[in-house]
Amino acid sequence: MVEFKKGGTLMATQTQRRISTHESKSVTLLLIGVALGYLMLFLGLPLVAVFVEAFKKGWGLYWAALQEPDAWSAIELTLIVTAIAVPANLVFGVAAAWAIAKFEFKGKSLLITLIDLPFAVSPVVSGLIYVLLFGAQGWFGPWLQAHDIKLIFAVPGIVLATIFVTFPFIARELIPLMQAQGKEEEEAAVSLGASGWQTFWRVTLPNIKWGLLYGVILCNARAMGEFGAVSVVSGHIRGMTNTMPLHVEILYNEYNFVAAFAVASLLALLALATLLVKSLVEWQAKRSGEPLHHGA
Amino acid sequence: MSRFKAHSVLPGFNLALGFTLTYLSLIVLIPLSALFFKTATLGWGGFWEVATGERVLASLRVTFVTSFVAAVANAFFGLVVAWVLVRYTFPGKRIVDALVDLPFALPTAVAGIVLATLYAPNGWLGQYFAAHDIKVAYTPLGIVVALTFIGLPFVVRTVQPVLADVEAEVEEAAASLGAGRWDVFRRVIFPAVYPALLTGFALAFARAIGEYGSVIFIAGNMPYISEIAPLLIVAKLEQYDYAGATAIAVLMLLISFALLLGINGLQWWSSRRGVR
């Protein structure tokens, strides 16, 4: 997480600090204890509890819960939605970062602010805006009904809401990265006769690959796990418009805790995989000297 | 074109910016503007009536108070966690460091059901509270627990890099001039990390205000007591009261923006004082 820095000098000053300025041993232990206790209580324990609850009644019931047709269709829908939302936001992120980082134009900082806007909006409101546009009483509602097109309480609405909540992830990763890298390398490629696409594929992409992957991982985790926005536009039709998080909710509200936690355990595994790949990417990026932007 | 954009030898500006603006408008700007047009159909009187409704005011109070308490808890403990991760070494530190981002990666619904189960009166943690007659799940306290979980990474991740950048020389100078460890922290280190701490606090606070998935399972959702504003929006939507739902959404957005502006102002003011 520590942003990439002058390794050698940091080490040297750190050892010096140990000698001249350091907390007493008891204070150190107390602080470590408080920090680890806090993280255990709020992160470690919930994570363990997900799996304990899922396996409470044994492997048999766990597998049975995951083999339910409704669980399968929820998994399928989540994968479909993610497979549309992440590539869409990836193309957008690259285009936005190319325009913003490689060119000077008016209104650039306003554009950057607007790209971050979806992060400032409550997930519930992110769903609400599409209901206002495409719902039965919405702006385009009557027209859509007349043409027998269903967006809200159907899969397209879920896709739209997911795209909205994951909108900034890849762009905000790439923009600072490409701004920091400047445009000299691309300019050199173009002046040597490379076409725009060749320049992008051979010069820009290798420089931003870790940042791109980093953004994609975060975007993917949020797309698969989004609840509030999707909940508003989904209509909760079992086996049809239920994503995995929505399916967890339904099972939980039916007091089918083992099944709820079984599906939840898959999402928890996804979260763990996300954290693992994220750490690996951070490590790789540090090694190759490509600074990552750790936007929270 | 030339006045709008500086000259460049690189190609693709029109395509990239054109696509960016179209996509941004279609996905974000036009849908968000629907929020304000819909509210406008209520007129000022109608908006005011919704905004000052007793249940709406109660839900806003619950939302902002619990979000504030959770963000304060995270500001304090987040600073301790960041400090420990930057300054000390201990076995398993890399795993702990990676785990801090769990709330970003774990779907909110999963967090919601597991926290509700842990803090229910018969849950692993809830039973100890119940023994002292404290109810956590299904009360505003439960909401604070969920929002603390959701906001946990923000302060740690904003403070961590700044804390790592504090020059050891300055600390040594202060110590050699006779300052105790606590004085060094209070006078040297804390002022340096204070703006980052405030930013992390603001991010955690803003995230908590909009949070829905993790809260609804543990909140109990009693109107006037433990009903958060985003849930009231959903409730109004389910009754097909679109205008009412929209009015609450706009109200929430306005209050959040005002708060964030205020915090940004505070930050600007404190960083200027730091420079002088």
Side-chain angles (χ1 to χ4, degrees), chain A residues 1-3 13 16-17 20-21 23 28 31-32 34-35 38-39 42-43 46 49-50 53 92 95-96 98-99 102-106 114 117-118 122-125 128-130 132-133 137 163-164 167 186-187 190 196 221 225 227-228 245 248-249 252 260 264 267-268 271 274-275 279 294 296, chain B residues 4-6 8-13 16-17 19-20 23-24 27-28 31-32 34-35 38 77 80-81 83-84 88 90 96-99 101-102 105-110 113-115 117-118 148-149 152-154 157 160-161 164 168 171-172 175 181 203 210 212-213 230 233-234 242 245 249:
Chain A
M1 294 312 139
V2 180
E3 269 169 47
T13 51
Q16 266 178 8
R17 177 162 59 214
S20 55
T21 56
E23 294 81 44
T28 305
L31 288 174
I32 292 179
V34 168
Y38 186 65
L39 295 179
F42 276 96
L43 303 181
V50 171
E53 293 289 331
F92 163 73
W98 181 265
K102 306 294 176 190
F103 300 93
E104 294 307 321
F105 57 94
K106 281 180 189 155
L114 288 178
L117 208 53
S122 168
V124 169
V125 178
L128 169 68
I129 55 178
Y130 292 106
L132 293 180
L133 282 186
Q137 300 178 28
I163 291 180
F164 182 94
F167 187 88
E186 281 85 357
E187 282 172 347
V190 168
F227 178 77
V248 168
E249 183 201 20
Y252 185 83
L267 291 168
T274 302
L275 293 183
S279 298
H294 298 284
Chain B
F4 164 65
K5 160 186 169 277
S8 169
V9 297
L10 294 179
F13 177 73
L17 190 70
F19 179 76
T20 300
Y23 190 77
L24 179 72
I27 299 287
V28 178
L32 269 182
L35 215 52
K38 187 74 188 176
F77 288 105
V80 176
V81 171
W83 178 274
V84 166
Y88 305 142
F90 51 88
V96 170
D97 196 342
L99 198 65
D101 283 326
L102 182 72
L106 191 72
T108 53
V110 177
I113 65 167
V114 76
L115 289 174
T117 306
L118 282 175
T148 306
F149 172 86
L152 197 147
F154 288 102
R157 292 308 184 220
Q160 233 176 352
E171 283 179 52
E172 279 158 27
R181 196 63 194 139
L203 289 171
Y212 174 74
I233 294 178
V234 173
Y242 287 16

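So you know, we letter chains A, B, ... as the sequences are listed, proteins then strands, and number each from 1. These numbers come from a predicted model, not from an experiment. Below, each value reflects all heavy atoms present in this structure, side chains not excepted, and no hydrogens, waters or symmetry copies.
Residues B/L17 and A/W98 form no side-chain contact, since every pair of their non-hydrogen atoms from C-beta on lies 4.5 Å or further apart. Proximity of B/W83 to A/V34: side-chain heavy atoms (C-beta onward) are nowhere separated by under 4.5 Å.
Only the side chain of A/V248 comes within contact range of chain B, judged by heavy atoms closer than 4.5 Å. The contact between B/F19 and chain A is made entirely by side chain atoms (from C-beta outward), counting heavy-atom distances below 4.5 Å. With a 4.5 angstrom heavy-atom cutoff, B/L24 touches chain A via backbone and side-chain atoms both. When heavy atoms are compared at a cutoff of 4.5 Å, B/S8 approaches chain A solely by way of its side chain, counted from C-beta outward. Of the two parts of B/L115, only the side chain, counted from C-beta on, holds a non-hydrogen atom closer than 4.5 Å to a non-hydrogen atom of chain A. Heavy atoms of A/T28 lying under 4.5 Å from chain B belong to its backbone as well as its side chain. Heavy atoms closer than 4.5 Å to chain B are found in the side chain of A/F167, but not in its backbone. Residue B/I27 touches chain A through both its backbone and its side chain, counting heavy-atom pairs closer than 4.5 Å. Within the 4.5 angstrom heavy-atom criterion, atoms from both the backbone and the side chain of A/F164 approach chain B. Using a 4.5 Å cut-off between heavy atoms, A/L117 contacts chain B through its side chain alone, with no backbone atom that close. Contacts between A/E53 and chain B at a heavy-atom distance below 4.5 Å involve the side chain alone, from C-beta outward. Contact of B/V114 with chain A is made through backbone and side chain together, with heavy-atom distances under 4.5 Å.
Note: A/L275 leads A/V190, A/V50, A/L275, A/I163 in heavy-atom pairs under 4.5 Å with chain B. Most heavy-atom pairs under 4.5 Å with chain A: of the set B/F77, B/Y212, B/F149, this distinction falls to B/F77. No other option in B/A245, B/A34, B/G12 has as many heavy-atom pairs under 4.5 Å with chain A as B/A34. Chain A forms the most heavy-atom pairs under 4.5 Å with one residue out of B/T108, B/V234, B/T117, and that residue is B/T117. Ranked by heavy-atom pairs shorter than 4.5 Å toward chain B, the options A/Y252, A/F103, A/F227 are led by A/F103.
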(message) Could you walk me through whether B/Y88 and A/L31 satisfy the side chain to side chain contact (heavy atoms under 4.5 Å, CB included) test, starting with their C-alpha distance in whole Å, then the side-chain angles of each, then the deciding distance to 0.1 Å, before giving a yes or no?
(response) CA-CA 10 Å; B/Y88 305 142; A/L31 288 174; 3.4 Å; yes
(request) Please lay out, stage by stage, how A/L39 and B/V96 fare under the test side chain to side chain contact (heavy atoms under 4.5 Å, CB included). (result) CA-CA 8 Å; A/L39 295 179; B/V96 170; 3.4 Å; yes
(request) List the steps and the verdict of side chain to side chain contact (heavy atoms under 4.5 Å, CB included) for A/L114 and B/V28. (result) CA-CA 9 Å; A/L114 288 178; B/V28 178; over 6 Å; no
(request) Determine, step by step, whether A/F42 and B/L102 satisfy the side chain to side chain contact (heavy atoms under 4.5 Å, CB included) criterion, reporting the C-alpha distance in whole Å, the side-chain angles of both residues, the deciding distance to 0.1 Å, and the verdict. (result) CA-CA 10 Å; A/F42 276 96; B/L102 182 72; over 6 Å; no
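Minimum interatomic distance between B/G210 and A/S122 (heavy atoms only, all atoms of both residues): O-OG, 2.7 Å. Taking both residues in full, the closest heavy atoms of A/A268 and B/L106 are given as CA-CD1, 3.7 Å, listed atom of the first, atom of the second, then distance. Listed here is the closest heavy atom pair of A/G196 and B/P11: CA-CG, 3.5 Å. Nearest approach of B/A105 to A/A271, heavy atoms of both residues: O-CB, 3.4 Å. The minimum heavy-atom distance linking A/E187 with B/L10 is given by the pair N-CD2, 3.7 Å. Heavy-atom minimum distance, B/P31 versus A/Y130: CG-CE2, 3.8 Å.
Listed by chain and number, the residues in a ring pair (Phe, Tyr, Trp, His ring centres under 6.0 Å) with B/F90 amount to none (sequence neighbours excluded). Residues that satisfy the side-chain hydrogen bond (donor to acceptor under 3.5 Å, both in side chains) test with A/K102, not counting sequence neighbours, are A/E186.
Between B/F4 and A/F105, the angle of the ring planes lies from 30° to 60°, which puts this pair in the tilted group.
Annotation: the span from B/L32 atom CG to A/I129 atom CD1 amounts to 4.5 Å, rounded to 0.5 Å. Atoms CG and OH, from B/L152 and A/Y38 in turn, are 4.5 Å apart once rounded to the nearest 0.5 Å.
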